[in-house]
Amino acid sequence: MSPKFTAISDQNSMGLGTVINISHLNHYFGEGVLKKQVLFDINLEIKAGEIVIMTGPSGSGKTTLLSLMGGLRSAQAGSLKILDQEMRGANKGKLTKLRRQIGYIFQAHNLMTFLTAKENVRMSLELHEKYLTQDINTKAIGMLEEVGLGERIDYYPENLSGGQKQRVAIARALVSHPKIVLADEPTASLDKQSGRDVVELMQKLAKEQGCTILLVTHDNRILDIADRIVYMEDGQLKSDGVDL
Ligand code: ADP
């Protein structure tokens, strides 16, 4: 094998186009006698632009794994590399920096109820220094137009339907062109058609932007949008979808 290939498969470096590289990751909740292991020796590599769906029974560790990848909690043991950064043992500052580079879409959309659709989307740009010198209003409006909400920019969340709120959440997650979007049950509170529309929209925008999506779901109706389906059970990754 040439040295070039050796370097790419080296555990300590990210392969070409790899945005998430997890190896021998373990995670525990609680301390002392209450300490409980919830993730066991997870190994997973995700490439730039991939749409990966993670499924598995409730309590199997999907949300915990997603929150580790998103810098919402610090990895304890093993290796978790996100966008070339080793996140094991990351401090608050490092986690915050990572979070700015990731878009999040949650089941309950998590919009600020006292802000309009446009203000919610704008807020995500205000976190980035590079956008402060740009016309963030126009950018936010443009993104809302892309998700089909050009007529609703000044609406508050309470006056939007479930599907529309989730579209605002998508606009908010993608407006800053993150390299990674993490979505936890984004269709759970939506009817069949709205759920389908929402994931197709995520897929379209992500493909346009070359963004990686990792989506946790129980919704069998949307599995076909994935490039790869990974399966968790009892804190273990039973299939990383590569050999399917
Ligand atoms: P899933 O998303 O697949 O439903 P979770 O990652 O939420 O699974 O949970 C995995 C396991 O970790 C479960 O046994 C759950 O009870 C436990 N768990 C999750 N969050 C915490 C926490 N903050 N403290 C203690 N245990 C937790």
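For ligands, and for the atoms within them, numbers begin at 1 and follow the listed sequence. One is the number of the first residue; the rest follow in order along the sequence.
Protein heavy atom closest to atom 21 (C) of ligand 1, with residue, atom name and distance, is Phe29 CE1, 3.4 Å. Of the protein's non-hydrogen atoms, Lys36 NZ, 4.1 Å is the one closest to atom 16 (O) of ligand 1. Scanning all protein heavy atoms for the shortest distance to atom 5 (P) of ligand 1 gives Thr64 OG1, 3.7 Å. Residue, atom and distance of the protein heavy atom nearest to atom 3 (O) of ligand 1 are Lys62 NZ, 2.8 Å. In terms of protein heavy-atom proximity, atom 11 (C) of ligand 1 is closest to Val38 CG1, 3.6 Å.
Heavy atoms of Gly61 come nearer than 4.0 angstrom to ligand 1 in at least one pair. For the pair Gly59 and ligand 1, a heavy-atom separation below 4.0 Å is found. Within the 4.0 Å heavy-atom cutoff, Gly235 does not count among the residues contacting ligand 1.
In Thr63, the parts holding a heavy atom less than 4.0 Å from any atom of ligand 1 are both the side chain and the backbone.
With Lys139 contributing its side chain and Ser176 its backbone, the two residues share no donor-acceptor pair below 3.5 Å. Under the 3.5 Å distance criterion, the side-chain polar atoms of Glu233 are left unmatched by any main-chain donor or acceptor of Gly235.
Between Lys192 and Asp219 there is no salt bridge, since no side-chain N of the basic residue sits under 4.0 Å from a carboxylate O of the acidic one. Ionic pairing of Lys204 and Glu200 is not present here: no N-O contact between side-chain nitrogen and carboxylate oxygen is shorter than 4.0 angstrom.
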(request) Give the C-alpha distance, both sets of side-chain angles, the deciding distance and a yes or no for side chain to side chain donor-acceptor pair (under 3.5 Å) between Ser124 and Arg172. (result) CA-CA 6 Å; Ser124 148; Arg172 181 184 58 181; over 6 Å; no
(request) Verify side chain to side chain donor-acceptor pair (under 3.5 Å) between Glu158 and Thr113, making sure each step is shown before the conclusion. (result) CA-CA 7 Å; Glu158 62 179 357; Thr113 53; over 6 Å; no
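Near Ser58, with a cut-off below 4.0 Å to any heavy atom, the atoms of ligand 1 are 4 (O). Near Ser60, meaning under 4.0 Å from one of its heavy atoms, ligand 1 places the atoms 1 (P), 3 (O), 8 (O). Distances below 4.0 Å separate heavy atoms of Pro57 from the following atoms of ligand 1: 3 (O).
Ile22 is listed as a side-chain neighbour of Met69, based on a closest heavy-atom distance under 4.5 Å.
Nearest approach of Arg167 to Asp197, heavy atoms of both residues: NH2-CB, 3.7 Å.
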